[in-house]
Amino acid sequence: MAESVRRLLGKPGAVDLRPYTKLLSAIEAEEDGLRELSDAELNEKAIELGNAELPYERGDLVMLCAVGREAARRTLDERPYDVQLLGVMALLDSHVAEMATGEGKTLSGALAAAGFALRGQRVHLLSVNDYLAKRDAEWMRPLYDLLGVTVGWINEDSTPDERREAYSQDITYAAVSELGFDVLRDRMVTDAADRVVPPPAVAIIDEADSVLVDEARVPLVLAGAAESAAADMEMADIVRTLKPRLDYEVDGEGRNVQLTDAGIDRVEKALGGVDLYAEDEESRLPEVNLALHAHVLLQRDIHYVVRDGEVRIINESRGRIALLQRWPDGLQAAVEAKEKLDVSETGEVLDSITVQSLVLRYPTLAGMTGTAMAVAEQLREFYELEVAVVPSNKPDIREDHGTRLYATREEKEDALVAEVEEVHETGRPVLIGTQDVAESELLAERLRKAGLECVVLNAKNDADEAAIIAEAGTHGAITVSTQMAGRGTDIRLGGSDMSDRERVVDSGGLFVMGFGRYPSSRLDGQLRGRAGRQGDPGDSLFFVSMDDDLLVNNAPETTGYQAGDDGEITEESWLAMVGHAQRVAEGQLLEVHRNTWRYNQLIDVQREVVLEHRELVLTGDEGDRHIRKDRPSRHGELVEQVARDLAAIEAGVEPPSAARAAAEAAERDAEEKALAASSEGEDTGSEDEGGAAEEKPEEDADAKDARPADGAGEETDTDSGSDDEADEVPEYEGPEPTEEHEEQAREQVRKAARLITLYHLDRGWTDHNAFLSELREGIHLRFLGRRDPLDEFNREAVPVFKGFLDEARSRAAETFEEVRVHDGQIDVGEVGVKRPSMTWTYMVHDHPFSSPIETLAGKLKGSKND
């Protein structure tokens, strides 16, 4: 009834599954016949589907699902449930399939991917991490082999050749970040053959809500080495001595920190009495602020861990190490200085891309997750995706007990430990979800002191996560974990081999406890969903305290309550406030997503203009055509010089470029000596008013050697030293170039024109990107003038870009004039056309610390909309 109403009102999550459900009986009817076929015959059936149209017609869809079911049974020993086939059909229709944890999303995604691949569509199956990409590709490989489609996978260690090979397969598994980094690197190549990612066709997103919503706030960045990072260890030491509330203040949301007047005085004295606001000390204040941010706002084992002598950022939404992620604008170096570590290299941003822009490149997009309905509005707003809610294979009998609210963290902790102790006595396995690394370790220590042995899973040991999670359903097990999203491993009752399943089922199944509610109800749901898999028994219960960050930062009031002797608050109004605080937090996250999208819309349009022109230069002769038009004489001259050099080298004689280089070197040497002699003469003349200065300077030894041996007259010497004659280019007397030499020369000049043009396009975009970044950082101050920051951003960003392509073309032409030929080759490096000595990729939160103006604007906007 509820689904019918949603469809009537056009609400998200209203995809009608009835057309798919009607096909299930027809799919089952094909089963017996397909079982009689050999593997080769089954493969032929799959190949025949390549003639079907997309989207699949009814008969072809029935056969695809039937063949896929039989292939899975033979290769994986898994016969897909009817609900898994519903998921397959929803994915083939470009929906996001919501399938609960343990319902077999991996197999549904694989069968859908095969369905697209059989029709000649290249498929990228994107996950949240490298581990899942490799695991799923290898797991599903036998299925793909039988169906006649190829599969590959990449991770952060894959070489360019390995990546190119993986992307050449029909289906490629990859972490979304790795795909993004490959796309960014491809945008910087100077030879089309160096690209690794093929044109986008189909993307199926695993953990779609995490990727499309959570990761959408995190741009992927390609950086190039620019300069060595500098972080002042002294500044870190000074900041370490500052006292909260006296020397600095933190805003109510804990996202900004600033020095007080007393703090400014203390820092200035520690630096030797400098004035932080003086013009000649302009670099000091940013260094202080960075060190202060690192010391106060970024906490070890909450926001990052130190592993192998490096600072590793913790992904907020998944509780694991965020590979290749770092903070921008010197903040990474400041954190490293805080931890007294070697400071890593810094650089400049060459390009960036948001996950949203990355996946919207694909003409066909689909996804699957266990918690899509909570973000159905965002999936429709940002991606035009609809959610298809697939029912579970067996009824969910898990009992969700809601939330217990306590006055303080200590009382919350006491209550949770007591509950764990009581449940543990029954032999039931317990899974406890925490907010961060520090919290998981403190809670684990408290449990051990109570005699409750436990296993901890957090960012410090995430390499062992699969093994830990696989055994979390063992009889009597207690597991403490940070966020469970994207863990990718089911918790089977009785352990990984399910040998003790019946005893665990009889005791009540897995009991999930949350040590606090997350900023998103989806994350709560993902934790709850670990219990009750495939109709298993289970329970979930959350413990919250009034001093939890969620309530402190997002609840309108956290005082005036009445608590019992054990600190528990049972009034419905206060319990309801927990949900309210979570909705406020979700609203803030949504606003960050919207702002990222809004600001990047214009940037994406400008980037696309640059990329379209870059493609013409990279794969065509656009660069050569423009330079030939802008510098025709120099273009022809270079072709002629290269051709003559090639002809001379082939004939075994000195190439003209060598003679030119020698002549130019001699001329420069003569000029330097003449300048030195002139300077010496001026000095002498000043002492003796023309005496020694009027004397004829001693002839240079090289000049004497250059005189004819027979002592020809001075007229000969004068003629040979004529400036006019020195500038003349000797007439070419070497072997004449052939047509082949001339064609090779034209190709060399075309390549030089391409490299020079690409360099200035990329250099210009890097500079423009830096301008846009600086503009956005300060644009929110316009709010004080009652102007819309986004309008102001667009108003300034548009005119600056108008002359972008013309400026790049002009600079390319100027650089082309300076290139020289050496031994039949054009070296563009000597005129500054060089790529960064190294590049690296990372993820960076879009404005990790909101400005006070942004916070104020958000509050005013929220009150206006209420």
Side-chain angles (χ1 to χ4, degrees), residues 101-102 129 131-132 135 301-302 305-307 312 314-315 318-321 412-501 503-505 507-516 518 523-524 526-533 536-543:
T101 300
N129 58 53
Y131 163 73
L132 290 180
R135 185 204 70 174
D301 291 342
I302 294 179
V305 298
V306 176
R307 179 189 290 179
R312 307 286 186 91
I314 298 173
N315 185 297
R318 294 200 293 273
R320 57 160 58 86
I321 294 296
K412 176 183 74 169
E413 189 175 291
D414 291 341
L416 182 137
V417 171
E419 186 71 23
V420 171
E421 194 166 17
E422 182 179 335
V423 173
H424 182 65
E425 288 178 357
T426 69
R428 295 181 66 179
V430 177
L431 173 67
I432 306 169
T434 62
Q435 305 287 314
D436 52 57
V437 174
E439 192 171 78
S440 67
E441 294 185 337
L442 288 172
L443 184 58
E445 184 62 27
R446 174 66 192 279
L447 288 168
R448 291 182 183 120
K449 286 181 179 180
L452 300 167
E453 284 302 317
C454 60
V455 178
V456 179
L457 173 58
N458 58 36
K460 290 186 175 180
N461 64 340
D462 57 356
D464 304 321
E465 68 175 70
I468 294 173
I469 291 298
E471 301 304 329
T474 303
H475 186 268
I478 302 175
T479 307
V480 181
S481 175
T482 51
Q483 222 298 103
M484 293 297 297
R487 294 295 182 189
T489 303
D490 290 339
I491 298 178
R492 300 173 184 271
L493 298 187
S496 57
D497 60 1
M498 302 177 66
S499 60
D500 211 11
R501 174 178 168 77
R503 183 158 63 135
V504 175
V505 169
S507 67
L510 180 66
F511 201 124
V512 170
M513 300 182 193
F515 193 60
Y518 293 99
L523 301 183
D524 290 351
Q526 288 163 1
L527 178 59
R528 284 194 188 97
R530 291 294 172 169
R533 173 187 173 275
D536 287 342
D539 292 81
S540 72
L541 173 62
F542 280 80
F543 294 80

Query - Those residues that, when tested against Arg492, pass side chain to side chain donor-acceptor pair (under 3.5 Å) (two or more places apart) - result: none

Query raised in the report: Taking C-beta and beyond as the side chain, do Val504 and Pro429 meet within less than 4.5 Å on heavy atoms?
Result: yes

Query raised in the report: Can we say Arg530 and Asp536 salt-bridge, meaning some charged N sits less than 4.0 Å from an Asp/Glu carboxylate O?
Result: no

Report task. Begin with the C-alpha distance, continue with both residues' side-chain angles, and end with the deciding distance and a verdict on side chain to side chain contact (heavy atoms under 4.5 Å, CB included) for Val420 and Leu447. Result -> CA-CA 9 Å; Val420 171; Leu447 288 168; 4.1 Å; yes

Report task. Would you check, one step at a time, whether the test side chain to side chain contact (heavy atoms under 4.5 Å, CB included) holds for Arg528 with Val512? Result -> CA-CA 6 Å; Arg528 284 194 188 97; Val512 170; 5.5 Å; no

Report summary line: What one should report as the nearest heavy-atom pair of Ala531 and Gly538 is CB-CA, 4.3 Å

Requested in this report: Return the minimal non-hydrogen interatomic distance between Thr101 and Gly529, and the atom names on each side.
Outcome: CB-O, 3.5 Å

Query raised in the report: Under the side chain to side chain contact (heavy atoms under 4.5 Å, CB included) criterion, do Ile478 and Glu421 qualify, and how do the steps go?
Result: CA-CA 10 Å; Ile478 302 175; Glu421 194 166 17; over 6 Å; no

Query - Pairs satisfying salt bridge (Lys or Arg N to Asp or Glu O under 4.0 Å), at least one member in residues 422-438, at least two apart - result: Arg428-Asp539

Report summary line: Exactly one of Thr482, Leu431, Val480, Ile469 clears side chain to side chain contact (heavy atoms under 4.5 Å, CB included) with Leu457, and that residue is Ile469

Query raised in the report: Any side-chain heavy-atom pair from Ile491 and Arg533 closer than 4.5 angstrom?
Result: no

Query raised in the report: Any donor-acceptor pair under 3.5 Å linking the side chain of Glu439 with the backbone of Gln435?
Result: yes

Report task. Just do the side chain to side chain contact (heavy atoms under 4.5 Å, CB included) check on Met513 and Val423 with the steps written out, would you? Result -> CA-CA 11 Å; Met513 300 182 193; Val423 173; 4.0 Å; yes

Requested in this report: To the nearest 0.5 angstrom, please state how far the NZ atom of Lys412 sits from the CZ atom of Phe515.
Outcome: 4.0 Å

**Report entry** Test item: Val417 and Arg446 side chains (from C-beta on) under 4.5 Å apart, heavy atoms
**Finding:** yes

Query raised in the report: CD/Glu445 to SG/Cys454 distance, rounded to the nearest 0.5 angstrom?
Result: 9.0 Å

Query raised in the report: In Å, rounded to the nearest 0.5 Å, how long is the span from CZ of Phe511 to NE2 of His424?
Result: 14.5 Å

**Report entry** Test side chain to side chain contact (heavy atoms under 4.5 Å, CB included) applied to Thr479 and Ile432, Ile468, Thr474, Leu510, the passing residue
**Finding:** Ile468

Query raised in the report: Out of curiosity, Leu416 CG to Leu443 CG, how far, rounded to the nearest 0.5 Å?
Result: 5.5 Å

Query raised in the report: Any sub-3.5 Å donor-acceptor pair from Tyr518's side-chain atoms to Leu527's backbone N or O?
Result: no

